[in-house]
K.L.:
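Sharing a structure here in structure tokens format.
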Amino acid sequence: MARHLITSAIPYINGIKHLGNLVGSQLPADLFARYLRARGHEVMFICATDEHGTPAELAAAKAGKPVAEYCAEMHEVQAGIARGFRLSFDHFGRSSSARNRVLTQYFARVLGEQGLIAEKSEKQFFSIDDNRFLPDRYIEGTCPNCGYERARGDQCENCTKQLDPTDLINPRSAISGSTNLELRETKHLYLRQKSLRDDIRNWITSKTDWPVLTTSIALKWLDDGDGLQDRGITRDLKWGVPAQFEGAPWHGMEGKVFYVWFDAPIEYIAATAEWADANGKTDADWQRWWRTDEGADDVTYTEFMGKDNVPFHTLSFPATLIGVNRAGGAQWKMVDYIKSFNYLNYDGGQFSTSQGRGVFMDQALSILPPDYWRWWLLSHAPESADSEFTWENFQTSVNKDLADVLGNFVSRITKFCRSKFGEALPEGGTWGEREEALVIELTTRIRAYEAFMEEKEVRKAAAELRAIWVAGNEYLQSAAPWTVFKTDTAQAAMQTRLALNLTRLYAVLAEPFIPDASATMLAALKTEDRSWPDDLRTALTTLPAGHAFETPDVLFRKIADEEREEWQKRFSGIRS
RNA sequence: GGCUAGGUAGCUCAGCAGGUUAGAGCACGUGACUCAUAAUCACGGGGUCGGGGGUUCGAGUCCCCCCCUCGCCA
């Protein structure tokens, strides 16, 4: 019995995420959380929406709504889709919550008191017509290097040259197109990460069991070029956590907010506090997950994210926590393991939110139930390298694995039993060599499955689970109760009873991957016994002779070629 | 240009403290079975492990060079 804190990278608020986002963080995190719960561990699984920043303000303006209202609505939309995919968050929070505002300001204050925050003055473009400062990438102009007329202030997309907004010829606002810009002096806070470089490096290098993908990205940022740079943690915006507050160790930050990447990871903690608020718990109840001085010592904390999020989770957020812990007051839990993922590509190119390319979460649910997506995405998770979604692969994988191997197993044994013995587990017969051999094989495979799940080796766990399903079909095929029935009814009864117990076992083992089908299987077997198969002999005799069941409908219908072709066409275009 | 990861059967991938005839799933072929969602099970064909050198008794597995893909950074 252990305590596991699990967080998934928090999705940005301005729209519905695509399947690549889902498989890179929320879905594998959910798999892990469900598995650990099934094993009887205490789990706190946290996610949230990341709501601050310029993109949210602009999206709200485009929708003609106040930004707070827009975020509240989009949060509900994303929460609904998460439920649709059966993501089992203990809490799905909001980075715009009061809890996050308080915590973010608290962390900033302590960092300031520790001398880890510097004030810097700099010049930034202010758009008079938009009445706002413009982030680098929201300024467009002519590239001084290649003459491309739509270069962005951070980089020219045409010649890839890195730019400073002031380099641009004829700069204009990307929001309104206005050229009525002026450079204004503005003051910002910087997190002095540079001074924490050695602490961060020591911490990273102590994590010898992390995926190379995670540590190599972190070390690269630590050491490349001039090494880790101090990072601006405030912005000239209205929508965010106010940077000037009572007790702040600085002045003159009125009208400024913390940068979205400063408050977003703090939301992991805040969302746990939101969980406590929403469930009538006390501060101590959430602090025992995050405060090592308040009982979080025995917590194992695992983060899930796509590779683009790694720098923030290996450098900026740890820098914040190291700095605050240094103050000697509250001691905050740092991550124990970061599971990072590569990208999922779509049919020969990239998924793209901005271009609307690929399949988005709401669209996916509108054409097929969540288990189909969960199974395909997890069994093809981009762990060792980028992987690719194609409709053909999706169709054959899902039809073969779910419909033929698992679904048909359940179908054939329940229907066979119903026609020969009726809808209750039949009595009689004794185990022989074939059954003993099955116990040995399943024991080996289930122990391997457990190991892969604990190591968060998602694809390998999926492959092992599938092999466990196949073992059931092999058993039935060689036992052939339909033939045995003709000469030895009792023996056929034993074989049937065993196979129906296998069905319960499959429901328990597969629950982290395909929770809906798992629930359907248990309901059909009229049992709520989800006990984990520590001992296979026990697991395969859990349902006794005489136990009634219901023959379920088809568990997974197959995807037809015509459907696949239609979807292929429908999703090849651009989402509006 | 620098760096990370990768280039293994038609497809998706595993393998690598270096060691007998290189593995899995899908696809393909043959057979078995008929309980089942035209499902299942068995067997089989198929790879000069990106290319070239080197170390070694022996190299997808280590070293060097080159080519290609993806990403990050400059």
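Fair warning: this is a prediction, and the values are worked out from it, not measured in the lab. Labels below follow one simple rule: chain letters A, B, ... track the order of the sequence lines, proteins then strands, and each chain is numbered from 1.
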K.L.:
Between A:K400 and B:A39, is there a contact of a side-chain N or O with OP1 or OP2 at under 4.0 Å?
P.N.:
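Negative; the distance criterion is not met.
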K.L.:
Just the rounded figure in Å: distance from P of B:C35 to CE of A:M494.
P.N.:
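From A:M494 CE to B:C35 P: 19 Å.
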K.L.:
Look at all strands and tell whether A:I413 reaches a base, only sugar-phosphate, or nothing, counting heavy atoms closer than 4.0 Å.
P.N.:
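Contact class for A:I413: none.
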K.L.:
Both A:D401 and A:H380 contact RNA chain B. Taking the nearest nucleotide for each, which residue is further toward the 5' end?
P.N.:
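The 5'-side residue here is A:H380.
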K.L.:
Report the distance from atom CD of A:Q477 to atom C1' of B:C35, rounded to the nearest whole Å.
P.N.:
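After rounding, the reported distance stands at 9 Å.
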K.L.:
Would you mind classifying the nucleic acid contact of A:F485 as base, sugar-phosphate or nothing, using non-hydrogen atoms under 4.0 angstrom?
P.N.:
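Nothing, no heavy atom under 4.0 Å.
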K.L.:
Would you call the rings of A:F360 and A:H18 parallel, tilted or perpendicular, where under 30° means parallel and over 60° means perpendicular?
P.N.:
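A:F360 and A:H18: perpendicular rings.
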K.L.:
Any donor-acceptor pair under 3.5 Å linking the side-chain atoms of A:E454 with those of A:Y35?
P.N.:
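Note: A:Y35 and A:E454 side chains meet the donor-acceptor criterion.
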K.L.:
Can you find a side-chain donor-acceptor pair between A:Q395 and A:R564 that sits under 3.5 Å?
P.N.:
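Indeed, the side chains of A:Q395 and A:R564 share at least one donor-acceptor pair under 3.5 Å.
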K.L.:
CZ of A:F409 versus P of B:C33: gap in Å, rounded?
P.N.:
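Value for this atom pair: 21 Å.
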K.L.:
Which nucleotide in the list B:U12, B:C26, B:U37 gets nearest to the side chain of A:L555?
P.N.:
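Taking heavy atoms from C-beta onward, the closest nucleotide is B:U37.
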K.L.:
Counting Watson-Crick and G-U wobble pairs only, both distances under 3.5 Å, name the nucleotide matched with B:G29, or none.
P.N.:
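Its partner is B:C43.
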K.L.:
Nearest heavy atom decides the nucleotide; on that basis, is A:W469 or A:C417 closer to the 5' end of RNA chain B?
P.N.:
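Its nearest nucleotide being more 5', the pick is A:C417.
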K.L.:
For B:C26, does either OP1 or OP2 sit under 4.0 Å from a side-chain N or O belonging to A:R466?
P.N.:
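Looking at the OP1 and OP2 atoms of B:C26, one of them is under 4.0 Å from a side-chain N or O of A:R466.
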K.L.:
Taking atom P of B:U40 as reference, at what distance in whole Å does atom CD of A:Q495 sit?
P.N.:
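Spelled out: CD on A:Q495 to P on B:U40 is 20 Å.
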K.L.:
Give one of base, sugar-phosphate or nothing for A:V410, where a contact means two heavy atoms less than 4.0 Å apart.
P.N.:
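No contact.
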K.L.:
Which part of the nucleic acid, if any, lies within reach of A:K420 when heavy atoms closer than 4.0 Å are counted: base, sugar-phosphate only, or nothing?
P.N.:
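No contact at all - A:K420 keeps every heavy atom at 4.0 Å or more from the nucleic acid.
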K.L.:
May I ask you to verify if any side-chain N or O of A:K415 is less than 4.0 angstrom from the OP1 or OP2 atom of B:U37?
P.N.:
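Yes, such a contact exists.
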K.L.:
Applying the 5.5 Å / 30° rule, does A:W482 stack onto the base of B:C35?
P.N.:
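Stacking between A:W482 and B:C35: present.
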K.L.:
Could you grab the distance from atom OG of A:S411 to atom CZ of A:F556, nearest 0.5 Å is fine?
P.N.:
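The CZ atom of A:F556 is 12.5 Å from OG of A:S411, to the nearest 0.5 Å.
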K.L.:
Check A:D371 with A:R86, please: is the shortest side-chain N to carboxylate O separation under 4.0 Å?
P.N.:
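Looking at A:D371 together with A:R86, the answer is no, because their closest N to O distance does not fall below 4.0 Å.
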K.L.:
Looking at A:N408 and B:A36, is any side-chain donor or acceptor paired with a base atom of the opposite kind under 3.5 Å?
P.N.:
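Indeed, a donor on one side and an acceptor on the other fall under 3.5 Å apart.
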K.L.:
Whole-Å distance between B:C13 C1' and A:W376 CH2?
P.N.:
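Whole-Å distance recorded here is 12 Å.
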K.L.:
Between A:F317 and A:W261, is a ring-ring contact (aromatic ring centres under 6.0 Å, His included) present by the stated rule, with each step listed?
P.N.:
CA-CA 9 Å; A:F317 186 41; A:W261 262 112; 9.6 Å; no
K.L.:
For B:A39, does OP1 or OP2 lie under 4.0 Å from any side-chain N or O of A:K558?
P.N.:
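Yes, because at least one side-chain N or O of A:K558 sits under 4.0 Å from OP1 or OP2 of B:A39.
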K.L.:
Whole angstroms only, please: what is the CD-C1' distance between A:E392 and B:G10?
P.N.:
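After rounding, the reported distance stands at 14 Å.
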K.L.:
Write down the distance between OH (A:Y372) and C1' (B:U37), rounded to a whole number of angstrom.
P.N.:
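Nearest whole value for this atom pair: 10 Å.
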K.L.:
Please give, in whole Å, the distance from B:A24 C1' to A:K460 NZ?
P.N.:
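Computing the A:K460:NZ to B:A24:C1' distance gives 12 Å.
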